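Below you'll find the structure, written out as structure tokens, and then a few comments.
Since we're looking at a predicted model, the values are computed, not measured. Just so it is clear: chains get the letters A, B, ... in the order the sequence lines come, proteins before strands, and each one is counted from 1.
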Number of protein chains: 2
Amino acid sequence: MSIAMRPSQALRLWQQVMLSQVRDDEPDLTMRQTAILFTIYLDPPPHTVRGLAARLNVTKPVITRALDTMGALKLVSRHRDELDKRNVLIKRTVEGALFVERFGDGIIARAHELPI
Amino acid sequence: MSIAMRPSQALRLWQQVMLSQVRDDEPDLTMRQTAILFTIYLDPPPHTVRGLAARLNVTKPVITRALDTMGALKLVSRHRDELDKRNVLIKRTVEGALFVERFGDGIIARAHELPI
DNA sequence: GCAAATTGTTTCGGTTCCGTTTCAGTTTAA
DNA sequence: TTAAACTGAAACGGAACCGAAACAATTTGC
């Protein structure tokens, strides 16, 4: 079942979620970092630098740097692939799962607050 | 009527919209820029630097710089308030209205593509 | 009239991100 | 075995952003 929503509602929802993210004193992720994080947590593993770069249509260093940043925030972790040691497998973390879960709850909460 | 949506659907929708934004070769706006742009286009005018800074809980230079960037992209415009010449009034543009409208349509399109 | 307050901008030093290029380590294939 | 291909990371210069402070222009209040 698809979600029933008009453009004006969609935009208002987007604004409210953006505002709540910005107002938080937590450092906001960039658009790219968010796309990477959500892909790691929503798409089935395994996730590699190369695979994420292809999925987002960006260069590999973009992924590497985003993983550096989000790794420091403990939102993701990296592990060398033992079967093909050229690969790095990106894994989910407890902190990252909580972050994503809270984000989803935030969307729902803003959706409920929307006017008619 | 509020929007019927489960957290997993909300997250998947967010991911898809983020991915489509990132994959576009157009320069992505930052989270703050997006929040400012949407506030200008969704909240009733007049909009001032001070007002936007208060609404987003950020400092005024953040607003000034975001307006510089989005002004160069012709997404917003600035005009000195003739009644109180200390104020700058931020106005909508045709290009900005189209951008926001397309963004809204994009959300709806991704919502329709969502799996069950 | 004139000091104080208000508004938006600029400057400062520092951080982060970008694309491109280069690199080290690993695997593949001749 | 050894050259080629592949993977992720590091190095580089440039651009954008950050918070804090200083700034010019304007209005307010005494």
Interatomic distance where CD1 belongs to A:Ile90 and C1' belongs to D:dA9 [whole Å]: 13 Å
Interface residues of residues 33-61 of chain A with DNA chain C (non-hydrogen, below 4.0 angstrom): A:Gln33, A:Thr59, A:Pro61
Among D:dA9, D:dG19, C:dC18, the one nearest B:Val62 by side-chain distance: D:dG19
Nucleotide C:dT16, atom C1' - distance to CG of A:Leu29 in whole Å: 13 Å
Connected-component partners of B:Leu98 among ILVMFWY, side-chain separation under 4.5 Å: B:Val94
Enumerate the protein-to-nucleotides 26-30 of chain C contacts in which both atoms are nitrogen or oxygen and the separation is below 3.5 Å.
residue : atom : partner : partner atom : Å
C:dT27  : OP1  : A:Lys85 : N            : 3.1

By side chain to side chain contact (heavy atoms under 4.5 Å, CB included) - contacts of A:Ser77 (at least two apart): A:His79, A:Lys91, A:Thr93
Summary of ring pair (Phe, Tyr, Trp, His ring centres under 6.0 Å) pairs that have at least one residue in residues 80-108 of chain A, sequence neighbours excluded: A:Phe38-A:Phe103, A:Phe103-B:Trp14
Nearest-0.5 Å distance, CD1 of residue B:Ile63 to CD1 of residue B:Ile36: 3.5 Å
Non-neighbouring partners of A:Thr30 that pass side chain to side chain donor-acceptor pair (under 3.5 Å), sequence neighbours left out: none
D:dG8 OP1/OP2 closer than 4.0 Å to side-chain N/O of A:Thr64: no
Whole angstrom value for the distance that separates P of D:dT7 from CZ of A:Arg80: 12 Å
Listed partners of B:Pro7 passing side chain to side chain contact (heavy atoms under 4.5 Å, CB included), at least two apart: A:Asp105, A:Ile108
Contact nearer the 5' end of DNA chain D, comparing B:Ala66 with A:Leu89: A:Leu89
Between C1' of C:dT16 and CG of A:Asp68, the distance in whole Å: 12 Å
Under 3.5 Å side-chain donor-acceptor pair for A:Gln9 and A:Arg12: no
Residues that B:Val76 engages under side chain to side chain contact (heavy atoms under 4.5 Å, CB included), provided they are two or more places apart: B:Leu37, B:Ile40, B:Tyr41, B:Leu67, B:Met70, B:Ile90
Residue-phosphate contact under 4.0 Å: B:Arg78 side-chain N/O, C:dT9 OP1/OP2: yes
Side-chain N or O of B:Arg32 closer than 4.0 Å to phosphate OP1/OP2 of D:dC18: yes
B:Arg80 side chain to B:Val88 backbone, donor-acceptor under 3.5 Å: no
Phosphate OP1/OP2 of D:dT26 contacted by B:Asn87 side-chain N/O (<4.0 Å): no
Between D:dC6 (C1') and A:Ile63 (CD1): distance, integer Å: 17 Å
Distance below 4.0 Å between B:Thr30 side-chain N/O and D:dC17 OP1 or OP2: no
Please tabulate, one pair per line, each protein N/O and nucleotide N/O from nucleotides 13-15 of chain D that are separated by under 3.5 Å, including the distance.
none

Between D:dA16 (C1') and B:Asp28 (CG): distance, integer Å: 13 Å
Residues in side chain to side chain donor-acceptor pair (under 3.5 Å) contact with B:Arg86, at least two apart in sequence or another chain: B:Asp84
Listed once per pair and sorted, the side-chain hydrogen bond (donor to acceptor under 3.5 Å, both in side chains) pairs that draw on residues 44-72 of chain A, sequence neighbours left out: A:Asp43-A:Arg55, A:Asp68-A:Arg78
Minimum side-chain heavy-atom gap B:Leu75-B:Leu29 below 4.5 Å: yes
Separation of C:dT7 P from B:Leu67 CG (nearest whole Å): 16 Å
